[in-house]
There are 2 protein chains.
Amino acid sequence: MLSLFTAERSAWSAEDAAEQLDVSLSTAYRYFNSLVSCGLLDRIHRNHYVLGPAIIEHDWQIRMADPVLKIAKPVMIDLLRGSDGAATVLLCRLYRQRVMCIHQETNRLNDPISSYERGRPRPMLRGATSKIILAFLPTRTLTNLWRDHRDEIAATGLGATFEDFKATLKVLRRNGFCVSRGEVDAGRIGIAAPIFDGSDRIVGSLSVVLYSTETGDRSINRLAALVVAAAREIVWTIRTEPQAAVDSDTVVIAEQRRA
Amino acid sequence: MLSLFTAERSAWSAEDAAEQLDVSLSTAYRYFNSLVSCGLLDRIHRNHYVLGPAIIEHDWQIRMADPVLKIAKPVMIDLLRGSDGAATVLLCRLYRQRVMCIHQETNRLNDPISSYERGRPRPMLRGATSKIILAFLPTRTLTNLWRDHRDEIAATGLGATFEDFKATLKVLRRNGFCVSRGEVDAGRIGIAAPIFDGSDRIVGSLSVVLYSTETGDRSINRLAALVVAAAREIVWTIRTEPQAAVDSDTVVIAEQRRA
DNA sequence: GTATAATTCTCATGTAATGAGAATTATGGA
DNA sequence: TCCATAATTCTCATTACATGAGAATTATAC
C-alpha cells in the first residue's frame with residue numbers, strides 16, 4: 001500500500017487506491033485507517049491521504065542512529081578532508097533495481113555539486129556510483145538487466161552485446177573502482193568503490209563527486225586509492241563490529257582502529 | 001512493530017523483538033521478513049534488523065512532493081527573506097504528544113541556529129513553536145497534559161495550577177502568536193503562529209528562530225505580523241486548494257494569489 | 001569442516017480480513 | 001443555518017490468514 005505513494009503521485013483518495021489495489025472501498029479505507037493510526041500515512045483533507053509523520057520521524061532516527069551510518073559517517077568525513085576543491089562524498093545502496101543515496105557529506109553546502117539527494121532514486125546504468133555496483137552484481141541479475149534494458153545499456157557505452165557488457169563490468173571489477181565523467185551531472189567526475197555485505201554480496205558504493213575543471217589525473221589516482229581504502233574500511237567495520245555500531249562509543253572505537 | 005525502532009535502539013534481534021511484542025519467535029521472524037520485503041526494515045547482519053531503505057525513499061518523496069510542503073515552502077522562503085540577520089523558519093506539527101519539525105528554511109546552512117531538525121521530536125512545553133500549539137489544544141488534551149506533566153508545566157512558568165495554565169494559554173490564544181526567549185536553545189528568540197486544519201483544529205505551527213543579539217523589539221513586532229500572515233496563508237491555501245497542491249503548478253497558483 | 005545460533009518450515013488451532021452494501025458523518029455551498 | 005451529497009464507518013456472512021510450538025534447515029565463524 002505504501003508504494004502507491006511516490007513523488008509523482010503524493011496523494012490518493014480511497015476510491016483510487018481501492019481500484020489500484022483491486023480491493024473493495026471499505027478495505028481501502030481500512031488499510032488507510034490502519035496506516036494513519038501508526039503514522040505512516042496522514043489524512044490532510046477529506047479524501048486526501050499522503051505519507052505520514054512516522055516516515056519523517058523514522059528517517060531522522062536513521063540519520064541519527066543507523067548502525068551502518070554511524071560507521072560510515074566519520075569515514076566519509078575523512079575522505080572529504082582528503083579531497084581538494086569542491087567535493088561531495090556519497091554513500092549509496094542498491095534498492096529495487098535502483099541506486100539510492102543514503103548519506104552524503106559535502107564541503108559545498110550552499111552550492112550543491114551533485115544531483116544525488118538522500119532518498120532519491122538514481123540511474124542504475126550511469127555514473128561511477130552505479131557502475132561499480134553493476135560490476136559486482138551476480139550474472140543472473142545482469143541477465144535480467146540486459147533483457148530489460150539492452151538499448152539503454154548499449155547507449156551508455158557499457159556494451160552492445162551481453163558479452164561486451166559483461167566484459168566491461170569485468171574490467172571494472174578487476175580495477176576495484178570506477179571513474180566516470182559527466183554521465184549523471186555534466187562537468188563532474190565521479191570516483192566510486194564497492195561496498196559489500198557480510199557474505200560478500202554487493203550492496204552499495206562509496207563515491208566522491210568533484211568538478212572536472214578542478215580535478216587532474218594525479219588527483220583522480222590519489223583519490224581513487226582513498227575511496228577504495230575508505231570503502232574497505234566501512235565494509236570491514238560493519239562486518240566485524242556490527243554490535244559496536246549500535247553503541248554510542250562507535251566513533252571512538254572506529255578512531256582507535258584507524259590509529 | 002516499526003515503533004520498536006528508535007534513536008535509542010536502532011537495531012533489534014528477532015528474539016528481543018519477540019519478547020518485546022509478546023509474540024513467538026517465528027511470528028517475530030515473520031513480521032521482520034514482511035517488513036524487510038517491503039523495505040521498511042533491513043537486515044544488516046545476522047540477527048540485526050534496522051529501519052530500511054523505504055523509509056529514506058519515502059522521506060525524499062515527502063520532501064519533493066508532499067502537498068502541504070509544496071504550499072508551505074515558498075511561503076517559508078518569503079518569510080525568511082523578510083527576516084534580518086541569521087534566521088531559520090520552521091514548519092512543525094503535533095505528532096504523538098510531541099512537536100516535530102517537518103521542514104525548515106535557513107539562511108545559515110553552514111552554522112545552524114536552531115536545534116530543530118526535520119523529524120526530531122522536540123519538547124511540547126518549551127519554545128514558541130510548541131507553546132502556540134498548546135494554546136489552541138482542546139481542554140480535554142490540556143487536562144491530560146496537566147495530569148501527566150504538572151511539575152514540568154509549573155517549572156516552565158506556564159502555570160502553577162491548571163487554571164493558571166489555561167489562563168496563560170488563553171492569553172497566547174488571544175494574542176495569536178507566541179514569542180519565546182532561550183527556552184529551547186540559549187540566545188535564541190522564537191516567534192510562532194498556529195497552523196490549523198480544515199476543521200479548525202490545531203495541527204502545527206510556523207515559526208522563525210533568530211539570535212537574541214540581532215533582534216530588537218521592533219523587529220519582533222514586525223516579524224510576528226509576518227509570521228502570523230504567513231501561517232494564515234498556508235492554512236488558507238491548504239484549505240481551499242488541497243487538490244492544487246498535488247499538481248505541479250502549485251507554486252504558480254500560490255504566487256498568483258499573493259500578487 | 002563443524003558446532004551452533006539463526007532462520008525457515010510444517011501443521012493444527014485460532015483469529016482476522018474481506019466485500020457488499022446499509023448506516024452515519026462531515027463538508028461545502030446556498 | 002440548513003441540506004444534499006460525497007466520504008466514511010459499520011455490520012455480517014464468508015473467506016482467508018495468522019499464530020505458536022517445535023522440527024528441519026541454513027548460514028556463519030572459528
Side-chain angles (χ1 to χ4, degrees), chain A residues 1-2 4-5 11-38 40-50 52 67-68 138 195-203 235-246 257, chain B residues 1-2 4-5 11-50 52 67-68 71 138 195-203 235-246 257:
Chain A
M1 161 127 260
L2 271 187
L4 286 184
F5 295 83
W12 285 78
S13 67
E15 197 171 338
D16 288 344
E19 184 175 337
Q20 186 70 19
L21 296 169
D22 199 27
V23 296
S24 71
L25 186 58
S26 50
T27 296
Y29 273 113
R30 283 200 196 95
Y31 286 164
F32 275 157
N33 287 337
S34 168
L35 291 170
V36 166
S37 69
C38 67
L40 289 173
L41 293 184
D42 202 17
R43 180 174 173 277
I44 59 163
H45 191 260
R46 196 167 159 83
N47 222 6
H48 280 81
Y49 292 84
V50 297
V68 173
I195 303 267
F196 303 100
D197 72 7
S199 314
D200 284 324
R201 281 173 298 231
I202 189 70
V203 291
V235 170
W236 189 82
T237 311
I238 293 169
R239 195 171 291 181
T240 57
E241 307 269 3
Q243 185 58 39
V246 181
R257 195 178 307 105
Chain B
M1 162 127 262
L2 270 188
L4 286 184
F5 295 83
W12 285 79
S13 68
E15 196 171 340
D16 289 343
E19 184 174 338
Q20 187 70 20
L21 297 169
D22 198 28
V23 297
S24 71
L25 187 57
S26 51
T27 296
Y29 274 112
R30 284 200 195 92
Y31 287 162
F32 274 159
N33 286 336
S34 169
L35 292 170
V36 166
S37 70
C38 67
L40 289 174
L41 292 186
D42 201 18
R43 179 174 173 276
I44 61 163
H45 192 264
R46 195 167 162 83
N47 221 6
H48 281 81
Y49 292 84
V50 298
V68 173
I71 290 172
I195 303 269
F196 303 100
D197 73 5
S199 313
D200 284 322
R201 282 172 298 228
I202 189 70
V203 289
V235 170
W236 190 82
T237 311
I238 293 169
R239 194 171 293 181
T240 57
E241 306 272 1
Q243 185 57 40
V246 181
R257 194 178 308 107

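Throughout, protein chains are lettered first and strands after them, A, B, ... in sequence-line order, and every chain is numbered starting at 1.
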Within the 4.5 Å heavy-atom criterion, are [X] and [Y] side-chain neighbours or not?
{"X": "B:H48", "Y": "B:W12", "value": "no"}
{"X": "B:I195", "Y": "B:I202", "value": "no"}
{"X": "B:I238", "Y": "A:I44", "value": "no"}
{"X": "A:L41", "Y": "A:L2", "value": "yes"}

Considering only heavy atoms, which members of residues 22-32 of chain B lie under 4.0 Å from some atom of DNA chain C?
B:L25, B:S26, B:Y29, B:R30

Could you check A:V50 against B:V68 for side-chain contact (heavy atoms from CB on, under 4.5 Å), going step by step and ending with a plain yes or no?
CA-CA 10 Å; A:V50 297; B:V68 173; over 6 Å; no

What distance separates [X] [atom1] from [Y] [atom2], expressed to the nearest 0.5 Å?
{"X": "B:F32", "Y": "B:D42", "atom1": "CZ", "atom2": "CG", "result": "12.0 Å"}
{"X": "A:M1", "Y": "A:L35", "atom1": "CE", "atom2": "CG", "result": "6.5 Å"}
{"X": "A:S13", "Y": "A:H45", "atom1": "OG", "atom2": "NE2", "result": "13.5 Å"}
{"X": "B:N33", "Y": "B:Y49", "atom1": "CG", "atom2": "OH", "result": "5.5 Å"}

Once you build an axis from the first five pairs and another from the last five of the helix from C:dG1-D:dC30 to C:dA30-D:dT1, how far apart in angle are they, to 10 degrees?
80°

Can you tell me how far P of D:dA18 sits from CE of B:M1, to the nearest Å?
15 Å

Separation of D:dG20 C1' from B:L21 CG (nearest whole Å)
15 Å

Would you list the atom pairs, donor with acceptor, under 3.5 Å between side chains in residues 23-31 of chain A and any protein atom, with sequence neighbours excluded?
unit_1 : atom_1 : unit_2 : atom_2 : d
A:S24  : OG     : A:T27  : N      : 3.1
A:S24  : OG     : A:T27  : OG1    : 3.0

Could you list the protein-to-nucleotides 26-30 of chain D atom pairs, N/O on both sides, closer than 3.5 Å?
unit_1 : atom_1 : unit_2 : atom_2 : d
D:dT28 : OP1    : A:S199 : OG     : 3.2
D:dT28 : OP2    : A:S199 : OG     : 3.3

Heavy atoms of chain B, cut-off under 4.0 Å: which first and last nucleotide of DNA chain C, 5' to 3', fall inside that, if you could look?
C:dA5 to C:dT27

Enumerate all atom pairs, one protein N or O and one N or O from nucleotides 1-4 of chain D, separated by less than 3.5 Å.
none

Is it true that A:D197 and B:R43 have a side-chain N and a carboxylate O under 4.0 angstrom from each other?
no

